Amino acid sequence: MSTRNTSNDSARPSYLNAAAGTVELWSQTLIPTTREAPGDAKMPSHIFLARAGYVRQVGAGIYNYLPLAWRSLKKISAIVRDEMDRAGASEMLMPALMPIELYKDTKRDVDYGDLLFTLEDRHGRKTALGPTHEEVITDLMCGALTSYKQFPLNLYQIQTKFRDEARPRAGLLRCREFIMKDAYSFHIELEGDAGLNAAYDKMYQAYTNIFTRCGLDFSAVEAEAGPIGGSASHEFMVNCESGEDTILVCLESGYAANVEKAEIGERVWSFDVAATSKIEKHHTPNMPGIEGVAEHLGLNASRMLKSIVMRTVEEEPRWVVAVVRGDHEVNEAKVRDAVGVGVALAPEGEAKTAGFVIGYVSPRIADTVEVVLVVDPDALGEGAWATGADEKDHHITGFNWSRDMESHIAKDRIKVADIRHAHAGDPSPRAKGAILEERRGIEVGHIFKLGTKYSQAMGLSVLDQNQKKQDVIMGCYGIGVSRTLSACVEMSHDDNGIIWPAAIAPYHVQIIVIKPKAEGVMAAAHTLAQELAARGMDVLIDDRDDRPGSKFKDADLVGMPVRFIISPKTIEADSVEFKARRSDGRAEMIDRADAIESALVALGS
RNA sequence: CAGGGUGUAGCUCAGCUUGGUAGAGCGUCUGGUUUGGGACCAGAAGGUCGCAGGUUCAAAUCCUGUCUCCCUGACCA
C-alpha cells in the first residue's frame with residue numbers, strides 16, 4: 001500500500017504500489033451500489049459516492065466510510081504523509097477529546113462559538129471535541145520546547161475533527177465529523193532557512209505536490225487570513241463549477257484570490273467633480289434598504305451611496321463609516337486594513353444612541369459625529385449622488401463630494417481606499433488593463449502564517465541566542481482529506497458515475513468476469529489479476545454471478561480507471577476486453593499478451 | 001439562528017385531504033427460463049407507519065408535544 005520509497009524505484013510511477021498490489025473479490029467486500037440516489041442528494045459527488053457504495057449517511061454531516069471510500073482515503077493520506085515527511089515534518093497524534101480550559105486563553109471557546117462540540121464528563125467537567133489543534137499543540141510546546149536550537153519544527157497529524165456546523169450539507173463536502181491533516185510549524189524568526197517564511201514556502205510546494213499527485217485540477221489562491229492581520233494565507237481550491245467558494249483570477253498576471261480577499265486594481269478618482277444639482281430631500285418611509293429607495297426615486301442603485309456604520313475593536317472604540325457605491329458590498333477585512341485596526345459592524349442600539357440613523361446614514365454624518373470616514377473610489381467621481389438624509393424615513397439626492405464635504409476634504413479627513421468586495425469585470429490588481437474573471441472552487445487546503453497569535457495568548461516563548469525572551473512564531477497548514485475525496489468526484493465524473501485519477505482510485509483495475517461459473521473463467525481472471533498485482537496495481541475482481549449489463553453499470557458507477565472483461569469468449573480467442581473508464585464507447589478486444597502493458601499505459605495517461 | 005419541508009419495507013416513494021388496522025418499484029431469498037449495457041415468469045421473506053400523549057368503537061391518516069433529517073438564508077480557523 002505504501003507509496004513511500006518510490007524514489008528507489010524509478011521505473012515505477014508514483015500512482016502504483018511500490019510492492020505488489022492487492023487483489024480482492026467484489027463478493028467478499030461490501031460495495032452496496034444502488035440504482036437510485038437519496039432523494040435529497042443534489043451534488044454529483046454526493047449522489048455517486050452514495051450510489052456507488054462508498055458512503056452511507058449516519059446522521060447530519062456524519063458518514064460511514066465503506067471499504068471503497070476507505071481505500072481511497074488511505075491513498076490520499078499516504079500521499080499527504082509522503083510529501084509532509086519529505087518536507088521535513090514529523091507525524092504525531094493528538095487527542096480528539098480535550099478539556100475546554102485549553103481554549104480559555106485564546107478565547108476561542110467564545111470566538112469559535114457554537115462551532116465547538118462540547119460535552120460534560122461524569123464529574124461535570126466541560127470537555128470539547130477538537131475542531132482543530134492550535135491550542136493543544138501550543139500547550140504541548142509550552143512544556144516541550146525549551147531552546148531556540150530546536151527550531152524549525154514542523155509537526156502534523158491526520159485525524160478526525162469535529163465541528164458543529166450550523167448546516168452540514170452536500171454529502172462529504174461540509175460535514176460535522178471529517179478527516180483532516182493539520183500541521184503546525186514553530187520558529188524564532190520570520191526570515192532565513194529556519195524562519196516561518198521558508199517553512200510556509202515549503203508547505204506551499206508540498207501542497208502543490210500533494211494535489212498534483214492526487215490528480216486534481218486545482219488552483220492556489222490568496223486568501224483572507226482572518227483577524228490575524230498582515231500575515232499571508234493561501235487556499236488550495238479544486239477547480240469546479242459547483243464549488244462553494246468564488247475565486248477571481250487575472251489570466252494575464254496569474255493573480256488568483258478568494259473573492260473575500262481579492263484586491264481591485266487601480267481606479268481613477270477625484271473629489272474634484274463639479275456639482276450638477278442641488279440637494280433635495282425626499283420622503284422615503286420604511287426604506288432603509290438601497291433597492292427600495294432606488295426604485296422609489298427612480299434611480300439605479302449605482303447612483304446611490306451605501307454608508308455602513310462600523311466600530312473599531314480597541315480599548316476606546318472609534319466610529320467608522322464605510323461608504324461604497326449602492327450596488328457594491330463593503331468588505332470588512334479591507335476596511336480593517338484601511339483603518340489599520342480590526343473593525344466590526346456597529347451594534348445598532350449603541351450606534352443610534354451616538355446619533356446614527358441606521359438605514360439613513362450619509363457621509364454628512366461626519367459633520368455632527370466624530371467618525372473615521374473611509375470611501376471606496378467607485379463611490380466618488382459623480383456630480384450628484386443619492387444617499388441617506390441622516391434623518392428617519394428620508395433620503396437626499398444631489399449630494400456632491402467637493403461641495404458638501406469641502407471642510408473634511410480640506411482637512412484631509414476622508415480616506416479613500418479599496419474597501420469593497422471585488423467581482424468579475426473589476427480591474428486586475430497585477431496587470432494594467434486586464435480584468436478579473438470569476439471561477440468556482442472547493443477549498444481542500446489552507447495554509448496560514450499565524451505569527452505569534454497563539455504563542456502570545458498561551459505564553460509560548462523561548463530564549464534566543466542573545467538570551468532574550470521571544471514569542472514563538474507559528475504557521476499552520478490544513479488539508480481536508482475526506483473533503484478531497486468528494487471534491488475529486490465533483491471534479492471528475494460523467495453521467496454514469498465516478499472517474500477516478502489513478503493515484504487515489506480504490507483499485508487501479510476492475511476485472512469483470514462474465515459467466516464466472518463457466519469452466520476456467522475465474523481461473524483466468526485470477527491469473528490476470530496476479531500479473532497486474534505483480535506490477536503494483538490494485539485489482540478488484542467482480543466475480544458476482546450476475547448479468548453483464550448490471551455489472552457494466554456498476555463498473556461505471558464505482559469508476560476504476562482501467563477495466564478488463566473476461567468471459568468464455570475472450571478465453572477462447574486468447575484475448576481480453578479492455579476499456580479505460582475515461583474513454584467513451586465500448587470495450588475493445590486486445591491480445592491477452594498485451595493486457596498488462598495496456599493497463600500501464602492507460603493508468604499513466 | 002430565521003423561514004419552509006420531511007419521517008411509512010434494505011433503497012426510492014405512494015397512501016393522509018374524506019379515520020376502518022399498509023402498498024408499488026427496485027433490492028433480497030426459492031424455483032425455472034435466460035445471459036454483452038441495470039432480463040422474464042412463478043412464489044416467498046421483510047414494516048409496533050420517527051417517538052410520546054390525546055380524540056375516537058376504531059388513528060399511518062385528526063389534535064398536542066417532542067425528536068430526526070433535508071432545503072433557502074445567516075454562519076463557515
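Residue numbers start from 1 in every chain, and the chains themselves are labelled A, B, ... in the order their sequence lines are given, proteins ahead of strands. Computed from a prediction, not measured in an experiment: that's the story for all the values here.
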Quote, to the nearest angstrom, the [atom1] distance that separates [N] from [M].
N     : M     : atom1 : answer
B:G36 : B:A44 : P     : 30 Å
B:A77 : B:G73 : C1'   : 22 Å
B:U64 : B:G5  : P     : 14 Å
B:U6  : B:C70 : P     : 15 Å
B:G37 : B:A22 : C1'   : 36 Å
B:U17 : B:G53 : P     : 23 Å
B:G65 : B:G25 : P     : 38 Å
B:C1  : B:U61 : P     : 28 Å

What does [N] pair with, Watson-Crick or G-U, if both distances are under 3.5 Å?
N     : value
B:C49 : none
B:G43 : B:C29
B:A24 : B:U12

When you get a sec, tell me which of [options] is the closest nucleotide to the side chain of [X]?
X        : options             : value
A:Arg547 : B:G38, B:U34, B:C75 : B:U34
A:Phe448 : B:C69, B:A77, B:A74 : B:A77
A:Phe552 : B:G38, B:G37, B:U12 : B:G37
A:Arg176 : B:A77, B:U12, B:C69 : B:C69

Whole-Å distance separating the [atom1] atom of [X] from the [atom2] atom of [N]:
X        : N     : atom1 : atom2 : result
A:Arg56  : B:U12 : CZ    : P     : 8 Å
A:Leu557 : B:G38 : CG    : C1'   : 10 Å
A:Lys553 : B:G36 : NZ    : P     : 15 Å
A:Lys161 : B:A77 : NZ    : C1'   : 12 Å
A:Asp245 : B:C75 : CG    : C1'   : 14 Å
A:Ile62  : B:U68 : CD1   : P     : 11 Å
A:Glu36  : B:A14 : CD    : P     : 12 Å
A:Arg51  : B:G10 : CZ    : C1'   : 16 Å

Inset, instruction - Considering just the side-chain nitrogens and oxygens of A:Arg167, establish if one lies under 4.0 Å of OP1 or OP2 belonging to B:A74. - result: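 Negative; the distance criterion is not met.
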Legend entry - Side-chain N,O (A:Arg35) to OP1/OP2 (B:C26) below 4.0 Å: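 Answer is no, no contact under 4.0 Å.
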Inset, instruction - Establish, yes or no, whether the cationic atom of A:Lys161 lies under 6.0 Å from the six-membered ring centre of A:Phe178 and within 45° of the ring axis. - result: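 No, cation not above the ring by the 6.0 Å, 45° rule.
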Looking across every strand, which nucleic acid part, if any, lies under 4.0 Å from [X] by heavy atom: base, sugar-phosphate, or nothing?
X        : value
A:Gln57  : sugar-phosphate
A:Pro38  : sugar-phosphate
A:Arg544 : nothing
A:Ala37  : sugar-phosphate

Inset, instruction - For the pair A:Phe162 and A:Phe117, name the ring-plane relationship: parallel under 30°, tilted 30 to 60°, perpendicular over 60°. - result: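 Perpendicular: the ring planes of A:Phe162 and A:Phe117 meet at over 60°.
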Legend entry - Value rounded to 0.5 Å, distance of CG in A:Leu172 from CD1 in A:Ile62: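 A:Leu172 atom CG to A:Ile62 atom CD1 measures 12.5 Å (nearest 0.5 Å).
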Inset, instruction - Record whether the side chain of A:Asp554 comes under 3.5 Å of the base of B:G38 through a donor-acceptor pair of N or O atoms. - result: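 It does, because a donor-acceptor pair links the side chain of A:Asp554 to the base of B:G38 below 3.5 Å.
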Inset, instruction - Can you check whether any acceptor in the base of B:G27 is under 3.5 Å from a donor in the side chain of A:Thr34, or vice versa? - result: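 Side chain to base: no pair below 3.5 Å.
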Legend entry - Carboxylate-amine/guanidinium contact A:Arg81 A:Glu91, below 4.0 Å: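 Salt bridge between A:Arg81 and A:Glu91, a charged N being under 4.0 Å from a carboxylate O: yes.
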Legend entry - Salt bridge A:Glu177-A:Arg163, side-chain N to carboxylate O under 4.0 Å: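 So A:Glu177 does not pair with A:Arg163 through a salt bridge.
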Legend entry - Toward the 5' end of RNA chain B, by each residue's nearest nucleotide, A:Lys569 or A:Ala60: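 So the residue in question is A:Lys569.
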Legend entry - Toward the 5' end of RNA chain B, by each residue's nearest nucleotide, A:Ile566 or A:Tyr63: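 Residue closer to the 5' terminus by nearest nucleotide: A:Ile566.
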Legend entry - Between A:Tyr63 and A:Trp70, ring centroids under 6.0 Å: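 No, the ring centres sit 6.0 Å or more apart.
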Inset, instruction - Starting from the C-alpha separation in whole Å, work towards a yes-or-no answer on side chain to side chain contact (heavy atoms under 4.5 Å, CB included) for A:Met522 and A:Ile541. - result: CA-CA 9 Å; A:Met522 275 308 295; A:Ile541 303 178; 4.3 Å; yes
